[in-house]
Structures are given as structure tokens and as C-alpha cells.
Number of protein chains: 2
Amino acid sequence: MTVTLADVAARAQVSPATVSRVLNGNYPVAASTRERVLKAVDELDYVLNGPASALAAATSDLVGILVNDIADPFFGIMAGAVQSEIGGPGGRAGGERLAVVCNTGGTPERELTYLTLLQRQRAAAVVLTGGAMEDGVHQAAVAAKLRKLTEAGTRVVLCGRPPAPDTGAIALTFDNRGGGRELTEHLIGLGHRRLGYIAGPEERTTTRHRLEGHRTALAAHGIEEDPRWTVHGRYDRQAGYEATLELLRRDPTLTAVVAANDTVALGACAALRDSGLRIPDDVSVAGFDDLPFSIDAVPALTTVRLPLAEAGARAGRVAMGREEAPAGGIATVRGELMVRGSSGRPRA
Amino acid sequence: MTVTLADVAARAQVSPATVSRVLNGNYPVAASTRERVLKAVDELDYVLNGPASALAAATSDLVGILVNDIADPFFGIMAGAVQSEIGGPGGRAGGERLAVVCNTGGTPERELTYLTLLQRQRAAAVVLTGGAMEDGVHQAAVAAKLRKLTEAGTRVVLCGRPPAPDTGAIALTFDNRGGGRELTEHLIGLGHRRLGYIAGPEERTTTRHRLEGHRTALAAHGIEEDPRWTVHGRYDRQAGYEATLELLRRDPTLTAVVAANDTVALGACAALRDSGLRIPDDVSVAGFDDLPFSIDAVPALTTVRLPLAEAGARAGRVAMGREEAPAGGIATVRGELMVRGSSGRPRA
DNA sequence: TTCTACATAGAAAGCGCTTGCTGTACGGTT
DNA sequence: AACCGTACAGCAAGCGCTTTCTATGTAGAA
């Protein structure tokens, strides 16, 4: 049998109530009593029963973190930062919390299922990372779920995700549009006029916003976009590779390729190299996110740095109520253009 | 107030017991009754109370995954694979399980704390990934904790970690020694005789085993190792960069650098380039793990591929009791040498 | 001294669910 | 016709904790 509170109480010659109070430290207990209890806890190797405690106290020390793909450092970095702030071991705050990291794979169904699961666990807080799907039906369902959660007292924070109006969720949104615009303006400034764009999966806010930024920049400089210059694909290396070959096939005169993110950009670089093109002499390449490996690409990748760790940490603090929510419940987090070796003047 | 089982029962005109049985599907219920109950559940938007359920049933649907660093794809890939198999949404098996991913930062204290936390939650299973610390005291403490967990019915699986004897834990161990040996033998085969080695942090099994493999290869070929050829450092890019400069300072005649892992190798490449050395013409470089970005390095990295996803998936299945544990509770997972552009014949 | 106040400790009522056991009705046996 | 097995459904006793309310001992106030 496992040891229960009552066992500890018996051994310490006190009532279960007292043991509970010693363990929770939320009620005055005489020092001598406390000591006796702690000794008994130690001797019996007692470990509190989490579910029972959660049930009785109607609270939980679980915090949910939803990510699209945990194997992707983009999400891993944010998740790690969130976790470091929610006060698990190593965190500062007392209450030890457990981070539940959920892989949604970017599908709305799994997002919903996980939210329900977290609701079932009565999670103390939930952090949703990454862009949202733009499927109307599911979006409404997610919003409804978020509202339920916030109404039940769960703090909900969106990190790198557009705001969800009327849900009570706090949003820390990335300025994907602004970053996309800045990036493309940099290339235009270098003299590029024929730019290919490898967009992410359709129906994603991140994809759309970055693309919109790109187009805004083109329009601002009077560059008319050729529809052949945009290709959609997944957010992975292979998609970038294939999309680049496709772009090259459609228009071999492109002088720059802008990718939806760094991983895709790496695939693009590989495709260009395999096609015998030099970077940036023949074609410039740009990414987005500035993941750790981007600086190690050869040449180093020009990209937009997103402060993933900072944003995640802030999301964690807000989720724990340790930092005030931004005014209006919405904060915009800006990226920073990182100009490196993969972008240069176009060939004459 | 939140909706309870009793509310649903009242609305469906049945007893709470029946509602519970419909929800759990583990007891015959007439179709018409079931329908009525499900309708009530739907209308009331009822969500089961996880803690209460866990308490009453003395089971939990939480599965813990311990990783050293969630932002590192090495762990992210394994964690993702484990999660995909434990039957969360999207997984096959019925019981929806939540993966609790815990960042230990590689410290034994946090590892212990997290194990206690998971024990408190009465986790259904726990998967520990990554190498173990070789600190005797802590190692014993962790072993004791693991034994407690397995005794309490929690399935414990070690993934990419040495076996923990007498704990009841199943081990899926990476053959770091063999991989390290193979890698160095490859370099020796190319003609290298002066090889630098950038080892990971000391007191880690992974570090030690890979280094031992390296040395075994050297010894097997009668190469006497110069103590100056080994430098220890963290498992990150910067450590690789600095260690490489240090190696170069100690012995500029080195013709190859073997890194503890791919991330470190990337830092090594950067340091070599910044020192005006060409890869592999002047110095060959080799990594370990074969993370996704390694093939995109220029030149592509010679390394040892560890089947992280496969091992993680298998660990997940074993943890869920969906796959038989290996004989003796221990399985060795071998790596595969991937020869790529970063290694070549030494300069004359 | 008697009363009030404070500091502690205990008794006990749940928290919302699961499940063993106990009906009850019905169809099929003998 | 009496009997039994089967298929459901409900009762009620917990699961192990938290917390309100109450009891007690002691100290200072009157």
C-alpha cells in the first residue's frame, strides 16, 4: 500500500488536518509539531497524492503548453522558456508546477482535444504557441473553448499567435507582417526586383501575415508581383528544397528567394547549391525566425530574429500571474532584421 | 458552478453511476440510455473532472517525459516520438493521455524533483531521455526513486540512457561507444593520425562513452593519444567554437576534429572557417547524432545517425505496454555512420 | 480571579468520481 | 409453472486530501 496522509498523521501523533497544513504551510503550526510531522514524512517517504489534493482544493499545478511541433526548435525554445518561468523545480516561485507540453501537429482537431484534456485536468494555465489555423469553424470552436477555460479561472496566454477577441485570453503577438516587410525591403534596397517567395502552409495566420508583409514592401516600391513568384509548402526543409526548384523552373531570372522561415530557407539554399547557383552572388536567400542554426549556414542566413525565448518567458510569467498582462490584453512583439551573408546585391 | 456528473445524470434521468459507465465504456449500458446520457453531456458541455476521476479510479492519464533541454532538437525529436505513441489525440489507442515534458537542464536535483512531482501525480509512465549524470550520490537517489515508481506500478523507460539495474526500469540504450569508435575509425581510415576531440560535459555517461569509443579506435590502430587533443565543454555551439580554437592553439597540426555532437561540430566548423581553414581540405570534422540540420551544413557533416524518432516511439510503446519490453529489460540501439563532405583525406 | 483573545489542533464534511454489490425485469429452461 | 441466467441500472461506500468550524490551552486584560 502507498503511504497516505493519515499514516503520516498517525506516526507524528497529530491529526491529518495538521499534516496537511504543515505540507501546505498556509496555517499556523507550532514549530515543534511541524518538525515532528516533517520527520514522519521523511521516515515514511510520503508523497502527496496529487489528484486527491487537486480535487479537494479545486486547484491544480498543471500548466499546459500547446505547440505545433515539439521537434522544431522554434517551438522548443518557446516551450522551454515558458517552463522555466512557471516555477517548476529550478523556477523561483514556491508552488511546483508541471508543464504539460502538447504536440498539436498544427491541426485544429488535436488543438481542441488537447484543450479539452487540459480543461479536464483543471489546468492552472494554458499557453498556446504558434500561428493559428484560419479555418472559420475550428477557429470558433477554439475560441469557445478558450472562453470556457478563462471563465473557469484558467489563465490563457497566446504566444506568437494572433489575439482571440472576447475569450479573455492574453495575446503576445509576433509582428510577422512588419518583419516580412522589413526583410523584403532590405532585399529591394540591395537592388532586387525579381523575388521569389516560399510561403508556409495556406490557411495559417503566420503564413498569411509574413506574405502580406512581403507584398506590402513590393507594392511600396512599385514592384508588380508575378503570381508565379509565390509557392506554398510545409514549414520544413524538404518543402523549401522543392519549392525552390519549382520557383527556378517557373522563372530562372529570380535574383532572390524569401522563405517563410529559416528551416525552409535552408532547404532553399540546398536547392540553389544543387542547381549550381551561388549564394548570394547568383541568388540571395532570406529566412525568418533566426533559429540557432541559421548563423551556421554558409553563408550565414539573413533573417528576422524573433525573441522566442523572451516572449515565451513573458508568456510564462503572465500565465502565472507574476507579470501584469499588457494593456488591452494584447502586446505586439517585434522582430529584428539580421542582415548576414546570404543576401547581397543582385547579379548584373 | 461547473457541471458535474450528477448534473448530467439528473438531466439524462439516470444515476451518476450510469453516466460514469457510459463515459468510460467499461460496462454494458443499453443503447437508448447511452444516447440519452451523451445528449445530456453534450447539452451541458460537460467535461469530466480529471483529478476526481484519477482519485477514485486510482489511475492517471499523465505520462512524464524527462529531457535535458527541450529546445534541443535531440530531445525534441525523442519527446515528440514518445508523445505520438502514448495515445494522446491523434494517437491510436483509446485512453487519451497527456504528456508532461519536463526540462531537467541535465541537473540531477531537478531530475529528482520532477520524478517526485510525477510520482505525486501518480503518472502512468515515465520516460527518461538523455545521458545520466555520473554523480554517485544522485545516481543512487535517482535509482531509488525509479524503484519507488516501478513498485507503485508506474512503467519507467530509459531512452538513450544507460540501464539502471534493480530499478525495474526498461532501458533502450544508445550504443555511444560503438558509434564513437566507428566514427574515429572512419577518420583513421582516411589517413588521419592527429585527431582533436571535443568532449561534452564531464561526469556524463554520454560524454564518457563516446570518448571511450574514440579512444578505443585510436588504440586499435596504435595511435598514441596526446592529452592535449581532448577538450571538454558544454553540448552547444559556442562550446564547440571555443574548444576548437583551443585545440588549434594547443596543436595547429591537427588534421581532424571529432565533436561530441552535431551542435558542437557546427561550432567547430565556424571556428575553423574563422581561422581560415578549409573543411575538409585542411581539417576534417565529424559530429554525432545526425540532427536534421547536419546535412545542411557546408560541407554536410559526417556523423553518426542515432534513430531518435524510432527509439522514442519504441520507448513510448513500451511505456504504454503496447510493445513487449526487450529481453532482460535492456536493448541497445545502434547508430549508423553517415559519411559526408566534412571528412576527407588529411592534407599532405 | 474571571473574562476575553489568541494561537493551535482536531472533527468532520465534503470535493466529484468509480465500482462492488444489490436489485429488477425479462426471456428462456426444465 | 417455477426457476434461473442475463442484461441493465442504482445504491452507497469510499478514493486521499482540504478546509470550515469548533474545542482547548494559555496569556494577558479587567
Side-chain angles (χ1 to χ4, degrees), chain A residues 1-38 40-41 44-62 95-96 117 119-124 152-153, chain B residues 1-38 40-41 44-62 95-96 117 119-124 152-153:
Chain A
M1 278 318 334
T2 62
V3 184
T4 72
L5 235 210
D7 299 330
V8 176
R11 180 162 247 258
Q13 317 239 52
V14 296
S15 71
T18 301
V19 177
S20 169
R21 302 206 255 245
V22 168
L23 261 25
N24 290 298
N26 52 8
Y27 194 87
V29 172
S32 63
T33 311
R34 182 200 326 287
E35 219 166 290
R36 210 148 25 93
V37 170
L38 290 178
V41 165
L44 295 177
D45 241 338
Y46 170 68
V47 175
L48 194 67
N49 182 315
S53 164
L55 172 58
T59 64
S60 147
D61 44 9
L62 256 38
E96 319 237 287
L117 244 38
Q119 183 184 6
R120 169 177 307 184
Q121 297 298 333
R122 306 299 191 249
Chain B
M1 278 325 325
T2 62
V3 183
T4 72
L5 235 211
D7 299 330
V8 176
R11 179 163 247 258
Q13 317 238 52
V14 296
S15 73
T18 301
V19 177
S20 170
R21 301 206 253 244
V22 168
L23 262 26
N24 290 300
N26 52 7
Y27 194 84
V29 172
S32 64
T33 310
R34 182 200 326 287
E35 219 166 289
R36 209 144 29 91
V37 169
L38 290 178
V41 165
L44 294 177
D45 240 340
Y46 171 67
V47 175
L48 194 69
N49 183 317
S53 163
L55 171 58
T59 64
S60 146
D61 44 9
L62 256 38
E96 319 237 288
L117 245 35
Q119 184 184 5
R120 169 178 306 183
Q121 297 297 332
R122 306 299 190 250

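All heavy atoms count here, side chains included; hydrogens, waters and symmetry mates do not. Below, read A as the first sequence line, B as the second, and so on, with proteins coming before strands; counting in each chain starts at 1. All values derive from a computational prediction rather than experimental measurement.
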Measuring to OP1 and OP2 of C/dG10, would you say a side-chain N or O of A/T18 lies under 4.0 angstrom away?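 Yes, because at least one side-chain N or O of A/T18 sits under 4.0 Å from OP1 or OP2 of C/dG10.
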Any side-chain N or O of A/N26 below 4.0 angstrom from OP1/OP2 of D/dT19?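 Checking A/N26 against D/dT19: at least one side-chain N or O falls below 4.0 Å of OP1 or OP2.
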Hey, does B/A17 reach any base, or is it just sugar-phosphate, or nothing, if we go heavy atoms under 4.0 Å?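 Base: the residue B/A17, judged by heavy atoms under 4.0 Å, touches a nucleobase.
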Sequence neighbours excluded, every pair satisfying salt bridge (charged side-chain N to carboxylate O under 4.0 Å, His left out) that has a member inside residues 44-58 of chain B: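 Qualifying pairs, neighbours excluded: A/K148-B/D45.
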Enumerate the residue pairs fulfilling salt bridge (charged side-chain N to carboxylate O under 4.0 Å, His left out) with a member in residues 47-57 of chain B, sequence neighbours excluded, ordered by first and then second residue.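 For residues 47-57 of chain B: none.
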Close approaches to DNA chain C from residues 48-57 of chain A, in residue order (heavy atom, under 4.0 Å):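 A/L55, A/A56, in order of number.
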Would you say the side chain of B/L38 lies within less than 4.5 Å of the side chain of B/V22, judging by non-hydrogen atoms?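 They are in side-chain contact.
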For a 4.5 angstrom cut-off between non-hydrogen side-chain atoms, does B/N49 reach A/R122?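 Yes, side chains in contact.
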Quick check for you: among D/dG10, D/dC8, C/dT18, whose closest atom lies nearest to any side-chain atom of B/A30?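 Taking heavy atoms from C-beta onward, the closest nucleotide is D/dC8.
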Output the single nucleotide from C/dA9, C/dG16, D/dT18 whose closest atom is nearest the side chain of A/L5.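 The closest nucleotide is D/dT18.
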Who are the side-chain contact (heavy atoms from CB on, under 4.5 Å) partners of B/A56, not counting sequence neighbours?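 Listed in chain order: nothing, the list is empty.
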Which residues pass the side-chain contact (heavy atoms from CB on, under 4.5 Å) test with B/A54, not counting sequence neighbours?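 Expected list: A/P51.
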Residue met sooner reading DNA chain D from 5', once A/V19 and B/T33 are mapped to nucleotides: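 So the residue in question is B/T33.
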Apply side chain to side chain donor-acceptor pair (under 3.5 Å) to B/S15 and list each qualifying residue two or more places apart in sequence or on a separate chain.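 Once residues adjacent in sequence are excluded, the partners of B/S15 under the side chain to side chain donor-acceptor pair (under 3.5 Å) criterion are B/T18.
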Suppose we screen for side chain to side chain donor-acceptor pair (under 3.5 Å). Which residues come up paired with A/S20, at least two apart in sequence or across chains?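 A/S20 satisfies side chain to side chain donor-acceptor pair (under 3.5 Å) with A/N24 only.
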Are there any protein N/O atoms within less than 3.5 Å of an N/O atom in nucleotides 21-25 of chain D, and if so, which ones and at what distance?
none

Bending between helix ends of the helix from C/dT1-D/dA30 to C/dT30-D/dA1 [5 pairs per end, 10° resolution]: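 That helix gives 50° between its end axes.
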For residues 29-36 of chain B, run the donor-acceptor check on the side chains, cut-off 3.5 Å, and write out each pair with its distance to 0.1 Å, sequence neighbours left out.
residue: B/R34; atom: NH2; partner: B/V29; partner atom: O; Å: 3.2
residue: B/R36; atom: NH1; partner: B/A12; partner atom: O; Å: 2.5

List in numerical order all residues of residues 6-15 of chain A for which some heavy atom is under 4.0 Å away from an atom belonging to DNA chain D.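 Residues of residues 6-15 of chain A under 4.0 Å from DNA chain D: none.
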Sequence neighbours excluded, which residues qualify as salt bridge (Lys or Arg N to Asp or Glu O under 4.0 Å) partners of A/R11?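 Counting only residues at least two positions away or on another chain, A/R11 forms a salt bridge (Lys or Arg N to Asp or Glu O under 4.0 Å) with A/E43.
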Mind checking the OG-CG spacing from A/S60 to A/L55? Nearest 0.5 Å is all I need.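 It comes to 12.0 Å.
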